[in-house]
Enquirer: 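Below is a structure I'd like to ask you about.
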Amino acid sequence: MKRIAYFFFLLSVSVFAQNKVQMQLNDSTKIKAKSVYGIDTFGTLYYATDDNTFNKKTKDTTITYANFQLGEITTANTFNPLKINLFYKDFNTVVILDNRLAEVFKVDFNTLQNYKNVSFVSTGYDNTLWIFNQDLQQLELYDYKTNKIKQKTVPVQSEVLDLKSDYNNCYMLTEKYLYIYNYFGSLIAKYPNKGYENMAFSKAQLVLRKENNLFLLSKNSDEIQPIEHPNLLISQFLVTNETLYIYHDEILRQYQLKLQ
């Protein structure tokens with residue numbers, strides 16, 4: 001019996017060890033940015049400066065976009081580099097940019113026939129945006145070319161903290177729950193919010209932040225796992241595939257995520 005108990009003890013220790021997520025520092029870059037919005041697999045960096053200019057920086061060039069009439073950029077979604085969206089919450093407006101940061105479309109929700117008070121925006125498939133309708137307290141998949149709502153979810157009962165998406169799924173973090181929807185607007189998963197404040201998402205990885213702690217939810221897992229990291233101050237964080245970026249004090253650090 002002692003041998004059997006010892007065997008199961010070792011097995012439980014092994015399983016626990018496999019569930020750890022560690023991170024290894026690969027590189028760091030000094031950059032002065034007000035907000036960092038995205039980094040692609042080629043190292044292209046998207047960020048805003050103090051004057052609310054949006055920047056796309058490659059190894060060779062930096063191109064910019066600025067719309068000072070709309071004020072401060074609230075969020076920028078660079079998941080689709082051909083249809084980057086900038087959200088100006090104070091003016092209830094979204095600007096769509098191409099890969100040269102040329103303005104190709106603008107959505108002023110104030111002037112639509114069916115007025116929308118939007119608090120969060122993220123990219124959907126084709127010409128769609130996931131938007132959170134603050135007045136109706138519901139998530140909507142909005143086609144900005146046809147000005148139609150293609151899908152909408154059941155209203156939520158708690159404050160929305162963050163919204164992230166790709167072509168297939170949309171992740172909405174509220175004070176009470178993390179909701180995961182497919183592109184039909186159907187709820188496919190729901191997790192209690194254990195103090196998470198915001199999140200970063202890229203393809204197979206969702207990273208959540210609670211104070212100065214980070215947690216990982218992989219697409220092929222239903223377990224939210226803590227990420228072991230040194231005592232870092234985190235102003236902003238991003239994830240691209242299995243690479244985690246942490247920005248603080250004008251230093252952008254690049255870490256490789258490792259499942260143990």
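Basis for what follows: all heavy atoms, side chains included, without hydrogens, waters or symmetry-related copies. Sequential numbering from 1 along the given sequence is applied to the chain's residues.
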Enquirer: Within a 6.0 Å radius of atom NZ on Lys116, are there more than 12 heavy atoms belonging to other residues, nucleotides or ligands?
Expert: yes
Enquirer: Kindly list each side-chain donor-acceptor pair under 3.5 angstrom involving residues 94-102, sequence neighbours excluded, with atom names and distances?
Expert:
residue: Asp98; atom: OD1; partner: Arg100; partner atom: N; Å: 2.9
residue: Asp98; atom: OD1; partner: Leu101; partner atom: N; Å: 3.1
residue: Asp98; atom: OD1; partner: Ala102; partner atom: N; Å: 2.9

Enquirer: When you look at CD of Glu242, are more than 12 heavy atoms from neighbouring residues, nucleotides or ligands closer to it than 6.0 Å?
Expert: no
Enquirer: Run the salt bridge (charged side-chain N to carboxylate O under 4.0 Å, His left out) test against Lys145 and tell me which residues pass, sequence neighbours left out.
Expert: none
Enquirer: Could you name each residue pair satisfying ring pair (Phe, Tyr, Trp, His ring centres under 6.0 Å) that touches residues 96-134, not counting sequence neighbours?
Expert: Phe105-Tyr144, Phe109-Tyr142, Tyr125-Tyr183
Enquirer: Using side chain to side chain contact (heavy atoms under 4.5 Å, CB included) as the criterion, list what pairs up with Thr53, not counting sequence neighbours.
Expert: Thr49, Asp51, Asn55, Thr64, Ala66, Phe68
Enquirer: How would you list, by chain and number, every residue that makes a side chain to side chain donor-acceptor pair (under 3.5 Å) with Thr75, sequence neighbours excluded?
Expert: none
Enquirer: For residues 191-209, pull every pair meeting salt bridge (charged side-chain N to carboxylate O under 4.0 Å, His left out), keeping only residues two or more places apart or in separate chains.
Expert: Glu197-Arg209
Enquirer: Just to verify, what does Thr243 make a side chain to side chain contact (heavy atoms under 4.5 Å, CB included) with, not counting sequence neighbours?
Expert: Tyr245, Gln254, Gln256
Enquirer: With Thr111, which residues qualify under side chain to side chain contact (heavy atoms under 4.5 Å, CB included), at least two apart?
Expert: Asp108
Enquirer: Using the side-chain hydrogen bond (donor to acceptor under 3.5 Å, both in side chains) rule, collect all pairs that involve residues 160-169, keeping only residues at least two apart or in two chains.
Expert: Asn80-Tyr167, Ser122-Ser165, Asp162-Lys164, Asp166-Lys219
Enquirer: Would you sort out whether Asp126 and Asp143 count as a side chain to side chain contact (heavy atoms under 4.5 Å, CB included), showing the intermediate values?
Expert: CA-CA 8 Å; Asp126 294 335; Asp143 188 320; over 6 Å; no
Enquirer: Answer with yes or no whether the side chains of Tyr65 and Glu103 bring together a donor and an acceptor at under 3.5 Å.
Expert: yes
Enquirer: Shortest non-hydrogen contact from Ile39 to Thr240?
Expert: O-OG1, 2.5 Å
Enquirer: For Leu136, check side chain to side chain contact (heavy atoms under 4.5 Å, CB included) against everything at least two apart and list the hits.
Expert: Asn133, Gln138, Glu140
Enquirer: Between Lys83 and Asn127, is there a side-chain donor-acceptor contact under 3.5 Å, judged purely by atom types and distance?
Expert: yes
Enquirer: Just distance, no hydrogens or angles: give the donor-acceptor pairs under 3.5 Å from side chains in residues 170-182, sequence neighbours left out.
Expert:
residue: Thr174; atom: OG1; partner: Ser158; partner atom: OG; Å: 3.0
residue: Thr174; atom: OG1; partner: Lys176; partner atom: N; Å: 3.3
residue: Thr174; atom: OG1; partner: Tyr177; partner atom: N; Å: 2.9
residue: Thr174; atom: OG1; partner: Tyr177; partner atom: O; Å: 3.0
residue: Asn182; atom: OD1; partner: Phe184; partner atom: N; Å: 3.0
residue: Asn182; atom: OD1; partner: Gly185; partner atom: N; Å: 3.2
residue: Asn182; atom: OD1; partner: Ser186; partner atom: N; Å: 3.0

Enquirer: For Lys30, what residues pass the salt bridge (charged side-chain N to carboxylate O under 4.0 Å, His left out) criterion, not counting sequence neighbours?
Expert: Glu250
Enquirer: Kindly indicate whether the side chain of Thr58, heavy atoms from C-beta on, has any atom under 4.5 Å from the side chain of Phe42.
Expert: no
